[in-house]
Amino acid sequence: MPELPEVETIARGVHDRVQGDRVLEVWLGRHSEPFKSSAAEMAKGLQGKYFRAVERRGKHIVCDLGSIPRGKPEAQWIVHLGMTGRLLVTAEDAPIAAHTHARLSLASGRELRFVDPRRFGRLEYRDLNDLKGFTAPGAEPLEVDAKTFAALFRGRRLAVKAALLNQTLLSGVGNIYADESLFRAGIRPRRMAGRLTAAELERLRRALAGVLRQAIKLGGSSVSDYVDANGVRGFFQLEHRVYQRDGQPCRVCGTEIRRVVVGGRSTHYCPQCQR
DNA sequence: CATTTCACCTGGTGGC
DNA sequence: TGCCACCAGGTGAAAT
């Protein structure tokens, strides 16, 4: 489900609703897949902690926690939504959705819940006395400068689409925004990353930042059932130029949009507008 | 090492 | 209606 704009929307929504709130009780489901750290340690660590802040790092949602409401974070709860994960703030008596893996009851009388049918999402608890704070491995697409961006692709022999999806190069780009940014930059997804010209790379960097910013403004893309922390759908899917539009005419030139597989992922492009 | 492929899961859709 | 193949917004391990 979620790429950078969706994760940003959810992180902001959760931040606004839980900042200053305190965890009273923790319930964790019995499926082990979502738990990157031991469930027992996570439950014990979360209990009693205050939410200092909730922020996005790449596709991760990082909750800074402390034993008092303010000050330096003492621990972090890190949520990765995978393909189908949701992080929701609910009333405590709200019905419990199928595939709910974590419920944090809060002093305000609400609950923070993690729901994930496919269980590709991950939850991690970090005690910052033992471990460093979470940092995303790749560059932030909304902050990276032209020189750094170009250096990420230099010498690489894989398709530019695959490079965009590599989270150790850029953090936060997924299948929708890789395709949409390549369309806006006029670059074919199968072009070898290391063979792009300086001008093409700069077009791509700007197209990517532009499409991500616009998507954040519209609350992300709701392709199937994506909703933010308040259960509200996004609207960026209405702005898609190529993603899941194969067989339909290009909105710019009318040529039929094609679907191919690149790096094992569905890839959509306009053979006329993208070279 | 860099790159590619595949497995991990459930659920929705569309064809027969 | 039922059954089945195929597809899905992600990632990391294994293979090449």
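All values reported here derive from a predicted model rather than from experimental measurement. Quick note on labels: first sequence line is chain A, next is B, and so on, each numbered from 1. What you see below is based on every heavy atom in this structure, not just the backbone, and it leaves out hydrogens, waters and symmetry mates.
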Which dot-bracket string fits DNA chain B when only Watson-Crick or G-U wobble pairs with both atom distances under 3.5 Å count, crossing pairs get [ ], and | stands for a partner on a different strand?
-> .|||||||.|||||||
Separation between the P atoms of B/dC6 and C/dC6, rounded to whole Å = 14 Å
For residues A/L164 and A/L208, determine if any side-chain heavy atom of one lies less than 4.5 Å from a side-chain heavy atom of the other.
-> yes
From CA spacing to verdict: side chain to side chain contact (heavy atoms under 4.5 Å, CB included), A/R52, A/E74 = CA-CA 10 Å; A/R52 298 268 180 72; A/E74 295 155 32; 3.5 Å; yes
Nucleotide N/O of nucleotides 3-5 of chain B paired with protein N/O under 3.5 Å:
residue	atom	partner	partner atom	Å
B/dT3	OP1	A/R157	N	2.6
B/dT3	OP2	A/R156	NH1	2.9

How many Å lie between CG on A/L165 and P on C/dA8, as a whole number?
-> 13 Å
Rounded interatomic separation in angstrom, taking CZ from A/R122 and P from C/dG12 | 9 Å
Once you round it to whole Å, what is the distance between P of C/dC7 and CG of A/N175?
-> 14 Å
Is it the case that A/D116 and A/H101 place a side-chain donor and acceptor less than 3.5 Å from each other?
-> no
Taking the side chain of A/Q167 as its heavy atoms from C-beta onward, which of C/dT11, C/dG10, C/dA8 lies nearest to it?
-> C/dT11
For the atom pair CG (A/L104) and CZ (A/R110), what is the distance rounded to the nearest 0.5 Å?
-> 12.5 Å
Rounded to the nearest Å, what distance is computed from the CG atom of residue A/L152 to the C1' atom of nucleotide B/dA2?
-> 15 Å
Going from CG on A/L123 to CD1 on A/I78, what distance comes out if it is rounded to the nearest 0.5 angstrom?
-> 10.0 Å
State the CD-OH distance between A/E6 and A/Y177, to the nearest 0.5 angstrom.
-> 3.5 Å
Whole angstrom is fine here: how far is it from CD in A/Q244 over to C1' in B/dG14?
-> 15 Å
Is there a donor in the side chain of A/S105 and an acceptor in the side chain of A/E92, or the other way round, less than 3.5 Å apart?
-> no
Can a donor-acceptor pair be found between the side chains of A/R259 and A/S266 at a distance below 3.5 Å?
-> yes
Integer-rounded Å distance: C/dG10 P and A/R56 CZ = 14 Å
C/dG12 C1' sits how many Å from A/N166 CG, rounded?
-> 11 Å
Are more than 12 heavy atoms from other residues, nucleotides or ligands located less than 6.0 Å from atom CZ of A/R103?
-> yes
Separation of C/dC7 atom C1' from A/D246 atom CG, nearest Å, is 12 Å
Looking at A/R195, A/R275, A/R191, which one forms a side chain to side chain donor-acceptor pair (under 3.5 Å) with A/E200?
-> A/R191
Heavy atoms under 4.0 Å, any strand shown: does A/Y177 hit a base, just sugar-phosphate, or nothing?
-> nothing
Name the pairs: protein N/O against N/O of nucleotides 9-11 of chain B, kept only if under 3.5 Å.
residue	atom	partner	partner atom	Å
B/dC9	OP1	A/E33	OE2	3.0
B/dC9	O3'	A/R119	NH2	3.3
B/dC9	O2	A/R118	NE	2.6
B/dC9	N3	A/R118	NH2	3.3
B/dT10	O3'	A/H99	NE2	3.2
B/dG11	OP1	A/H99	NE2	2.6

Between A/R56 and A/E140, is a salt bridge (charged side-chain N to carboxylate O under 4.0 Å, His left out) present by the stated rule, with each step listed?
-> CA-CA 10 Å; A/R56 178 194 62 77; A/E140 275 290 339; 3.0 Å; yes
